[in-house]
There are 2 protein chains.
Amino acid sequence: MGQGEAKVTAPAFDATVQLFADRQPGQPVDPQCPVRDVLDRIGDKWSTLILGTLATGPHRFSAVQRAIPDISKRMLTQTLRDLERDGLIARTVFPTKPPSVEYRLTPLGVTILEPLTSLVRWANQSHAAIREARLAFDQAS
Amino acid sequence: MGQGEAKVTAPAFDATVQLFADRQPGQPVDPQCPVRDVLDRIGDKWSTLILGTLATGPHRFSAVQRAIPDISKRMLTQTLRDLERDGLIARTVFPTKPPSVEYRLTPLGVTILEPLTSLVRWANQSHAAIREARLAFDQAS
DNA sequence: CGTCTATGGTCTCACTTAATTACCTTGTGT
DNA sequence: ACACAAGGTAATTAAGTGAGACCATAGACG
């Protein structure tokens, strides 16, 4: 045993591995680990949808809600604030008669669109295969 | 108002927008939407860490646990099974004296490493800026 | 013989987050 | 006065996560 554990499946991804595994084996994972930090942020239910919406340009609160019909006001507020806190989006209040608030991507927020896009592309290319795999798995049980 | 909502922040991401917004505005989001499907899967707390671990080669159950020290057996089992169900990893049982089980990426599983890598790269490049933004945000409140 | 260790799990229970529903505040048109 | 909209908060409920006991098997130890 223990002989097959060190083989490299895809040599091209060595750099990836370094990034994924930048922690001491056998020690608790660093809670500040940037990878987990960002994936925990954008991995929630709504962040990517909001970022994708704001990628088309600035939106007011209600415009984001119209663009993502099945989000509750509560989660929209909270997710927008989390994204603002992380510097990915900016919030601007206009003192109009009913005050309006505009949300837009910051320069930092724009930079996440590229890696996000490759993930989205992968999802589109792979979701048929994934659904097939699920079907096969469920039938085998 | 309503004049600033259609402006495009980054024209290069129009394709992204198409992918993000492949649903009817005003209608409930398609629960089969491939983007949400995959992001809900790999966006959980452990999937990416497991994929990153298996990117270095096949691992046995306990080897994955050693590589990710702060995962509980329960979540390891569950996440491995979810990934197996989606066809991203394969599970092979060897009938040794205490049966050993090997997990490895499938060809489909290997294909997600590339988009995942760009996200990880982004996280490493941006986490300093994000932490600064958080600090500034928290001090302003 | 009885106990100990090891693998790869499962099961139950408690706890921490995430998410939905309902409500509040301010202003505006009728 | 009344309904309505924007933006947000409070209280409630659902889901995700974790700690630890337990299981089946088999070989080594004493």
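Chain letters run A, B, ... following the sequence lines, proteins first, then strands; residues in each count from 1.
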Is the shortest side-chain heavy-atom distance between B:Asp138 and A:Arg85 below 4.5 Å?
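Yes - at least one pair of side-chain heavy atoms lies under 4.5 Å apart.
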
Under 4.5 Å between any side-chain heavy atoms of A:Lys45 and B:Leu39, yes or no?
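Contact flag for A:Lys45/B:Leu39 side chains = no.
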
For [X] and [N], give me the distance from atom [atom1] to atom [atom2], rounded to whole Å.
| X | N | atom1 | atom2 | result |
| --- | --- | --- | --- | --- |
| A:Phe94 | D:dA6 | CZ | C1' | 15 Å |
| B:Ile42 | D:dG16 | CD1 | P | 16 Å |
| B:Leu76 | D:dG16 | CG | P | 18 Å |

Summarise protein proximity over nucleotides 4-23 of chain C in one line of letters, 5' to 3': B for base, S for sugar-phosphate only, - for none, counting protein heavy atoms closer than 4.0 Å.
---SSBB-B------BBB--

Test side chain to side chain contact (heavy atoms under 4.5 Å, CB included) on A:Asp82 and A:Leu88; report intermediate values, then the result.
CA-CA 9 Å; A:Asp82 286 343; A:Leu88 297 179; over 6 Å; no

Show your working on side chain to side chain contact (heavy atoms under 4.5 Å, CB included) between B:Leu80 and B:Phe61 and close with a plain yes or no.
CA-CA 9 Å; B:Leu80 284 170; B:Phe61 184 89; 3.9 Å; yes

Look at the side chain of B:His59 and the backbone N and O of B:Gly57, then say whether any donor-acceptor pair between them is shorter than 3.5 Å.
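A pair under 3.5 Å: yes.
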
